[in-house]
Structure formats: structure tokens, C-alpha cells
Engineer: 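This is the structure I want to talk about, given as C-alpha cells.
None of these values were measured; they are calculated from a predicted model.
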Amino acid sequence: GALKGSIVVPGDKSISQRAAIVGLISIGSTIIENILDSEDVYYTLKAVESLGASVTIKNNKVIIKGVGLGNLMSPKKPINMGNSGTGARLLIGLVAGSNAIVTFFGDQSLSTRPMERIIKPLEKMGAQFISSNGQNLPITVVGARFKGITLPITHKTLVASAQVKSAILLAALTSRGVTTVKEPFKSRNNTESMLLERGVEINSKTIKSGANIVKIKGASYLKSSDISVPGDPSSAVFLVVAALITKNSNIVIKDIMNDNMRLRALKVLIKMGGNINFIKKTKKKLDIRVKYSSLSNISIPSKDSTALIDEFPILSIAAACGNGKMSMKGLGELRYKESNRFLAIELGLKRCGINIKAIKDNLEIIGQKNVIGGCEINSKNDHRIAMAFNILNLVSEKPIKIIGNNSIVTSFPSFFDTFKKLGISIKSYD
């Protein structure tokens with residue numbers, strides 16, 4: 001059946017986690033409204049509590065009483081980050097600029113994700129690290145201020161990564177001087193925006209080559225600031241694609257974060273012919289109206305891959321249902337997410353009968369009118385892979401069995417309930 005009606009998606013995961021972390025190091029109390037109720041955010045909140053903050057919930061609001069910059073507590077027990085790569089990397093950066101000693105560990109998936117990209121620059125800033133192989137969790141972090149000071153550095157990243165950049169920026173808050181991060185393309189700037197709002201001297205500029213340069217000056221304190229978390233564009237895009245590929249669908253998604261970089265995937269879908277309209281409500285929030293559309297596949301250059309990195313799994317589903325060839329370039333970073341998403345997209349679409357070809361870090365997908373399905377997809381407990389292939393189930397001729405749907409609670413716990421509210425019939429099989 002068609003998707004009909006209006007819906008509100010959960011709060012943005014990236015903003016929710018950053019709000020909790022910045023609340024930890026702010027002076028006074030930070031009140032967070034509409035925080036995402038998910039496993040990733042839960043583990044980040046528990047970690048913030050272990051590092052000294054007071055965390056309470058009142059009237060559906062999270063209240064965090066911070067400890068100030070550099071004053072983190074060294075917990076008696078290791079901190080479990082579950083599957084939260086964002087929480088782990090940002091908190092490792094924060095501890096690196098403190099006087100605390102903290103051990104972080106995670107689940108099997110998070111323990112395979114590389115941390116070397118943040119460890120090397122943080123070591124230059126004075127932090128020390130102890131781990132079994134130098135780059136994976138569990139990792140013990142000895143803060144730079146435990147025996148010395150946090151040194152400002154100039155660091156050039158090999159890939160544009162908001163997590164790597166944010167880890168360095170958070171450590172740099174306690175440095176004496178200006179730290180510079182240079183990235184090949186501009187990555188999401190949620191951390192910069194949040195720090196700027198709290199009085200930190202931070203600025204960024206994009207030069208002609210496309211490279212982004214961020215400079216941050218060490219701060220003496222962060223002032224507290226309340227935040228209402230907007231709806232997550234990365235969650236909304238799953239509903240958008242579902243409506244675009246399912247005949248007679250017409251939905252409105254309310255109160256989504258109004259940010260050009262975070263809306264880039266929707267703009268790609270508009271270029272493909274998607275009937276998508278933005279209805280601006282405030283400076284930070286908008287509604288999205290989506291109607292069923294005939295999509296035509298396009299080429300996405302590698303320079304756009306950073307802004308779209310989390311959306312490629314669902315964009316590949318749109319491409320499978322579109323007309324012509326979809327070329328998506330520069331997807332190498334997908335191999336280092338919660339699972340090897342590059343391989344998951346390639347093998348998953350092949351099993352569903354889609355013509356897809358992998359060429360180095362690029363994917364070429366030939367869209368088709370009839371998606372066969374009738375196969376089994378193991379998401380490897382990757383929430384975005386699980387959600388993406390559940391969406392493809394809406395139009396496949398034969399049911400697609402998805403293994404690992406429990407992983408969806410990390411970012412979009414109400415995923416299936418949301419589709420029920422929009423009129424989709426859902427059956428679960430053992």
C-alpha cells in the first residue's frame with residue numbers, strides 16, 4: 001500500500017550525542033529537549049555520567065550539570081560505548097585534552113573500527129594511549145593534562161571526517177594557543193556550530209581547491225546553552241525514499257533539521273526527479289513533503305561523498321528503483337562504518353536481482369522497474385543496511401528476509417511503528 005499522512009521522526013543522533021558531550025564540559029546546567037531515545041545516545045549519556053556530569057530526566061527533558069573544561073573524573077570502571085562510533089571518538093578526543101585516565105570499550109562491531117586516525121593527532125597534543133594493537137578498542141586514554149599541558153597542533157586529515165575533526169577540536173579546547181585542522185573537503189560542522197554558540201573562538205573557511213580549514217583557540221570555559229534537538233535528516237531520508245518509490249504515496253515529515261549539508265541527500269533525490277518540497281518553519285527546522293515519483297539515475301562525484309556518507313545505503317535503494325545508470329564515486333569510507341557498507345550494498349543488491357558493479361571505490365547501479373527480491377540479507381547488525389533493505393521490501397516482487405533488525409534501535413527505534421502510522425502493513429517472521 002501507499003504511504004499516507006504526516007509524521008515526526010526522532011531527534012538527530014549527531015546533535016543528541018554532541019549536546020550531551022558539550023553539556024559535560026559546560027558551566028551550569030544544559031537542558032536538552034527531544035533527545036534521540038536510542039542505544040547510541042544511551043551509551044553516550046552513561047559515559048558522560050561516568051566522567052563526572054549529573055544526568056537527570058524531567059518532563060521528557062534531559063538535564064546535564066557539567067563539570068567544566070578539563071575537569072573530567074577518572075572513572076573506576078571502563079566505559080562501555082556499545083556500538084557508538086561517534087560517542088567513542090568524540091569522548092576519546094575530550095579525555096585526551098583533560099587530566100583524566102579513562103578506558104573505553106565497545107561491542108564486537110565497534111571494536112573492529114579503526115581509531116588510529118584520532119590517536120595520532122591526539123598523541124601530538126600530549127595524550128597517551130594504551131591498546132592491544134594501537135588502533136582498536138579497548139583503549140586507555142591518559143589525558144594530556146594528567147602530567148603536562150595540551151599542545152596546539154596543525155593537522156591535515158587524509159579523508160574528510162566529522163568524527164576525526166571533532167575529536168581534535170574537543171581536545172584543543174584546553175590547549176594554549178590555536179589548533180588547525182585541514183580536511184580535503186568540508187565535513188559536517190555540528191561540533192563547530194555548537195562550540196561557537198557556547199562562546200568558543202572557532203572559524204572555518206573553504207578554499208578554492210575545496211579543502212576546509214578549521215581553526216580553534218583554547219578556551220577557559222564553555223557557557224551552558226539549552227538545545228531543542230531537531231528531527232534527524234539521516235532518519236528522514238529513509239521515509240523520503242520509501243514514499244518516492246511506492247506508488248500513490250504522499251507524506252509530510254515534520255520538524256527536520258534545516259542544514260544544507262545534512263539535506264544534501266534530499267537534494268540528490270530532487271535532481272533524480274523526486275517530488276520533494278521544503279517548508280521552512282524556523283531557522284533551524286523545516287517540514288518535508290514527499291510524493292511518489294519516477295526517478296532518473298544520475299552521477300554523484302567523489303567530492304560529494306563526505307556529505308552523503310551515511311545516506312549511500314538508502315540512496316542505492318533509490319537508484320535500484322530508478323531509470324538508467326547511477327554512478328556513485330569515492331565510497332571507500334563506507335568500508336569502515338558499523339559494517340563494510342560498500343560490500344553490503346554491492347552483495348545485497350545483487351542478491352535482490354539488481355545489476356550493480358563495483359569498480360575500486362565506486363559503485364554503478366542499473367535501475368529496473370521490477371525488483372525480484374526473494375532473498376536473505378544479513379545486515380551484520382548495521383542499522384542503516386537493515387533499514388535500507390527493509391525499504392526495498394516495499395517494492396520487491398518477493399519478500400526479502402532481513403537479519404539483524406534489532407540494530408535499528410541504535411538510531412531509529414520507532415522505525416517500524418512509523419511505517420505502521422503511515423499505513424504500511426508489517427509482519428514479523430521468526
Engineer: With no hydrogens and no angle check, just 3.5 Å: does a side-chain donor-acceptor pair link Lys267 and Asn260?
Structural biologist: yes
Engineer: Is it the case that Asp310 and Ser234 place a side-chain donor and acceptor less than 3.5 Å from each other?
Structural biologist: no
Engineer: Knowing that exactly one of Ile317, Ile314, Ile356 qualifies, which makes a side-chain contact (heavy atoms from CB on, under 4.5 Å) with Ile345?
Structural biologist: Ile356
Engineer: Whether the Thr150 and Thr174 side chains hold a donor-acceptor pair (N or O, under 3.5 Å, no angle test) is what I'd like checked.
Structural biologist: yes
Engineer: Sequence neighbours left out, cut at 3.5 Å: what donor-acceptor pairs do the side chains of residues 216-223 make with other protein atoms?
Structural biologist:
none

Engineer: Do the side chain of Lys165 and the main chain of Arg188 share a donor and acceptor less than 3.5 angstrom apart?
Structural biologist: yes
Engineer: Can a donor-acceptor pair be found, under 3.5 Å and without considering hydrogens, that links the side chain of Ser293 to the backbone of Leu244?
Structural biologist: no
Engineer: Which side-chain N or O atoms in residues 66-81 pair as donor and acceptor under 3.5 Å with protein atoms at least two apart or in another chain?
Structural biologist:
from	atom 1	to	atom 2	distance (Å)
Asn71	ND2	Val67	O	3.3
Asn71	ND2	Leu69	O	3.4
Ser74	OG	Ile101	N	2.9
Asn80	OD1	Gly82	N	2.8

Engineer: With no hydrogens and no angle check, is any side-chain donor or acceptor of Ser305 less than 3.5 Å from a backbone partner on Leu331?
Structural biologist: no
Engineer: Run the salt-bridge test on Arg384 and Glu338 with the 4.0 Å N-O cut-off and return the result as yes or no.
Structural biologist: no
Engineer: With distance as the sole criterion, is a donor-acceptor pair present between the side chains of Ser407 and Asn381 under 3.5 Å?
Structural biologist: no
Engineer: Will you find, in the side chains of Arg289 and Asn275, an N or O donor that is under 3.5 Å from an N or O acceptor?
Structural biologist: no
Engineer: With distance as the sole criterion, is a donor-acceptor pair present between the side chains of Ser29 and Lys65 under 3.5 Å?
Structural biologist: no
Engineer: Between the side chains of Gln17 and Thr44, is a donor N or O closer than 3.5 angstrom to an acceptor N or O?
Structural biologist: yes
Engineer: With the threshold set at 4.0 Å, does a side-chain nitrogen-carboxylate oxygen contact exist between Glu333 and Arg117?
Structural biologist: yes
